[in-house]
Protein chains: 2
Amino acid sequence: MKPVRTGLPLSATKPARTGLPLGAAEPGRSYGGPVAARVTLQTIADRVGVSRMTVSNAFSKPDQLSAPLRERILAAAQELGYVGPDPAARALAKGSTGAVGVMFTHSLRFAFTDLVATGFLGAIADELAPTGLSLTLLTSADDGEIVPARDVAMDGALLYSCDWTSRAVDFLHRRRLPLVYVDQDPADDIPSVNVDDRGGARAAARHLLGLGHRRIGLLLSSVRPPYGLRDAPVVAQGHAARQRLRGWLDELGPAAAELITASQDGTGPEQARWGARLLLDRPDRPTAVLCFSDAAAFGVLQVAAELGIDVPGELSVVGFDDNPLAAQVRPGLTTVRQDVAAKGRAAAAALTAAIDRARTGATAPAEHVLLPTELVIRESTGPLT
Amino acid sequence: MKPVRTGLPLSATKPARTGLPLGAAEPGRSYGGPVAARVTLQTIADRVGVSRMTVSNAFSKPDQLSAPLRERILAAAQELGYVGPDPAARALAKGSTGAVGVMFTHSLRFAFTDLVATGFLGAIADELAPTGLSLTLLTSADDGEIVPARDVAMDGALLYSCDWTSRAVDFLHRRRLPLVYVDQDPADDIPSVNVDDRGGARAAARHLLGLGHRRIGLLLSSVRPPYGLRDAPVVAQGHAARQRLRGWLDELGPAAAELITASQDGTGPEQARWGARLLLDRPDRPTAVLCFSDAAAFGVLQVAAELGIDVPGELSVVGFDDNPLAAQVRPGLTTVRQDVAAKGRAAAAALTAAIDRARTGATAPAEHVLLPTELVIRESTGPLT
DNA sequence: ACCTCCTTCTGTACCGGTACAGTAACCCCG
DNA sequence: CGGGGTTACTGTACCGGTACAGAAGGAGGT
């Protein structure tokens, strides 16, 4: 007698299979309902007359059994319509799913509309593909019953443009998942990938100063009253935005009397135009504007055109990111390039490394990658006239 | 005595907890290694002095236990650093993960670069968010050890711009996952979402005929020699491409002697330019071109500009999709609009419906959605001169 | 002939939850 | 004061796999 897992109480056992060729196919203990019962490893095992474990090995560890037997098992599986080990069960038993998450605070739509985000994600997808890991898109929504960050099985996650304080991010941490921060304030024990936002911003500011500009507008993101320029490097939303502002102020001087700031909420085109108006409608209109992103800069270019302000004759505009559109708008946008594809590749590599580390129990210190930025001068900036 | 699941052999049991307040925290049976042992439902149960089931209910079915006890349990969980039921285990026990897949044949990068794809995916993401389902991106890659389509746990999947014959698609079917076809030849038993490609193509062709064009070029996708126009409606890759061609031929007449066809491989900009050259370099250059996508049409516009061919003066160009860029290129591209956002919403809705159906065992017939298309006339088409 | 090693397969004990069918205590009612 | 219905919690039996430690049998060495 050998015990066999069945739907019956444990005391019920089945006589051992002899391994002899079977006649008619056993139709899978059909007390599961009128539909065909679920085919599991056990079904195949019974059919072929081997142990469940051997069938498992046939799929997951081919070198653990003889080739002919494996063939027989695979054939039986095919015949019974068994595709392979159930992913959910395997995930539980092995402790690893084949998927990693990417977390956004913004609506997920942002992940597909913003060219900087899509470039980044595309690179991740490409980099992850050969490892066999799939990419799961996570939102920080935590209102519903289901909170992806807490309830989706995954092997690790990328935190990208996330709200630091969201409950979802907290879940991710508390689950002790291998994480990688992208464009976030680095933490000692968590690998991170960042670009040299501050350095790039400095270059942008120096560029304008070199052209003679002194009344320079700064277009910030999500800095609401009562906060002003002094607090902005702290309260602006997003590590990148804060670093960029810091970089500008490094060069311009934090107290520069002639700095004019405006802040927009969010990253959509409407918000960009709104922020642009705040700067361009003023009587003491700046002669140049530094924008926290290209998307924001596009708003400035557009509003300038509407107001009949010549760029770069009357107004210089500098963006950030080198969005693919930056080279295509007229005039071409001077901007600070970051290599989003490289960022994506680095992030994916850091994540797979972190997952490996967690799996093997290795305790290498967390790596912190800082990618360079580069000022790209196009037609939207010119000398003060 | 009540049996308690421990790491010890089954015969070992533990005396029942009395429910009295506990002294020092039991440090989680630390024979798991030097690091803190994993915190599970049982850990919390032992701590609070209730059954594992009650702890499970505290998280998953709040109305199954009294509020004060639930509070105590949640507090203990918090204290022990327990985030919530393990997603993998829950997936196995409940038979549902919180994620659905979207399958691409193209490199995943395509999912993030093609504006038609991103619009579609963004809409899906938006539509799915309130349901709590996460989106997992799947490739049809099946070379590695891990095949996402077979090895990733999910509740259902969308098949989008897929290679019909790929092994990955087959896996998805054989797993009996709830599926929805998008832009695929509909199958009776599987819900599908399509747009009226054929009708739209007819409108495009009629438009050109009405403008007097007779020598019309057709830019196809992935129709390699030895196949010609006659076979193209069958062999062209992608349901949409085939339907569009059929629609053109409906109006132009399949044997129209003056039709000129060219085919490009793939959907990238280079391929588009290459396909465009095939048409425009000929001595019997067509006076108008119907393209299977806007992306291809952009290639035609670009090459025409390079060759000094005036559009629409010497050449009319019609695209397909109404890619967001179609309105922005010069001259504005006449095209057949499909509402990709609506397609995404419909696909997401169909998938959640299919998943519900599978869950409840309901057997409603599969729905087949067909969304309208609309000819959008811009500046790239004009009368034959 | 005996011992060792390797290959191939098996059995048990998990992975960490949930479903479902109890059971005990309490409440209300006639 | 017994019966019927709640409410609150418990026990058992799974979900469908994998890890790991045997066990059986044959090959090879001495």
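Protein chains get the first letters and strands the later ones, always in sequence-line order, with residue 1 at the start of each.
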Please state how far atom [atom1] in [X] lies from atom [atom2] in [N], giving the value in whole angstrom units.
| X | N | atom1 | atom2 | answer |
| --- | --- | --- | --- | --- |
| A:Q64 | C:dC6 | CD | P | 14 Å |
| A:L41 | C:dC14 | CG | P | 20 Å |
| B:D151 | D:dG16 | CG | C1' | 15 Å |
| B:F59 | C:dG17 | CZ | C1' | 12 Å |
| B:D86 | C:dC14 | CG | P | 18 Å |
| A:R70 | C:dT7 | CZ | P | 18 Å |

| said: Is it the case that the base of D:dG17 and the side chain of A:R52 share a donor-acceptor contact (distance under 3.5 Å, atom types as modelled)? | reply: yes
Give [X] one of three labels, base, sugar-phosphate or nothing, depending on what nucleic acid heavy atoms sit under 4.0 Å from its own.
| X | result |
| --- | --- |
| A:L92 | base |
| A:T40 | sugar-phosphate |
| A:T54 | base |
| A:Y82 | sugar-phosphate |

| query | Thinking salt bridges, do A:R359 and A:D356 make one under a 4.0 Å N-O criterion? | reply | yes
| request: Using a strict cut-off of less than 4.0 Å between a Lys/Arg side-chain nitrogen and an Asp/Glu carboxylate oxygen, indicate whether B:R38 and B:D86 qualify as a salt bridge. | output: yes
| task | For the pair B:T43 (side chain) and B:T40 (backbone), establish whether a donor and an acceptor sit closer than 3.5 Å, ignoring hydrogens and angles. | result | yes
| Closer than 4.0 Å, any side-chain N/O of B:R90 to the OP1 or OP2 of C:dG16? | no
| Under-4.0 Å side-chain N/O to phosphate OP1/OP2 contact, B:S60 with C:dG17 | no
| request: State whether the number of non-hydrogen atoms from other residues, nucleotides or ligands found under 6.0 Å of A:D63 atom CG is greater than 12. | output: yes
| query | In Å and rounded to the nearest 0.5 Å, what is the CD to CG distance from B:E127 to A:L108? | reply | 13.0 Å
| note | Between the CD1 atom in A:I124 and the CG atom in B:L137, the distance rounded to the nearest 0.5 Å is 11.0 Å
| request: Map B:S66 and A:V39 onto DNA chain D by nearest heavy atom, then report which one ends up closer to the 5' terminus. | output: B:S66
| Between B:A89 and B:D63, which has a closest nucleotide on DNA chain D that is more 5'? | B:D63
What are the atom names and distances for every N/O pair under 3.5 Å that joins the protein to nucleotides 19-24 of chain C?
from   : atom 1 : to    : atom 2 : distance (Å)
C:dA19 : OP2    : B:K61 : NZ     : 2.8

| Would you say the side-chain atoms of B:S166 and B:S140 include a donor-acceptor pair closer than 3.5 Å? | no
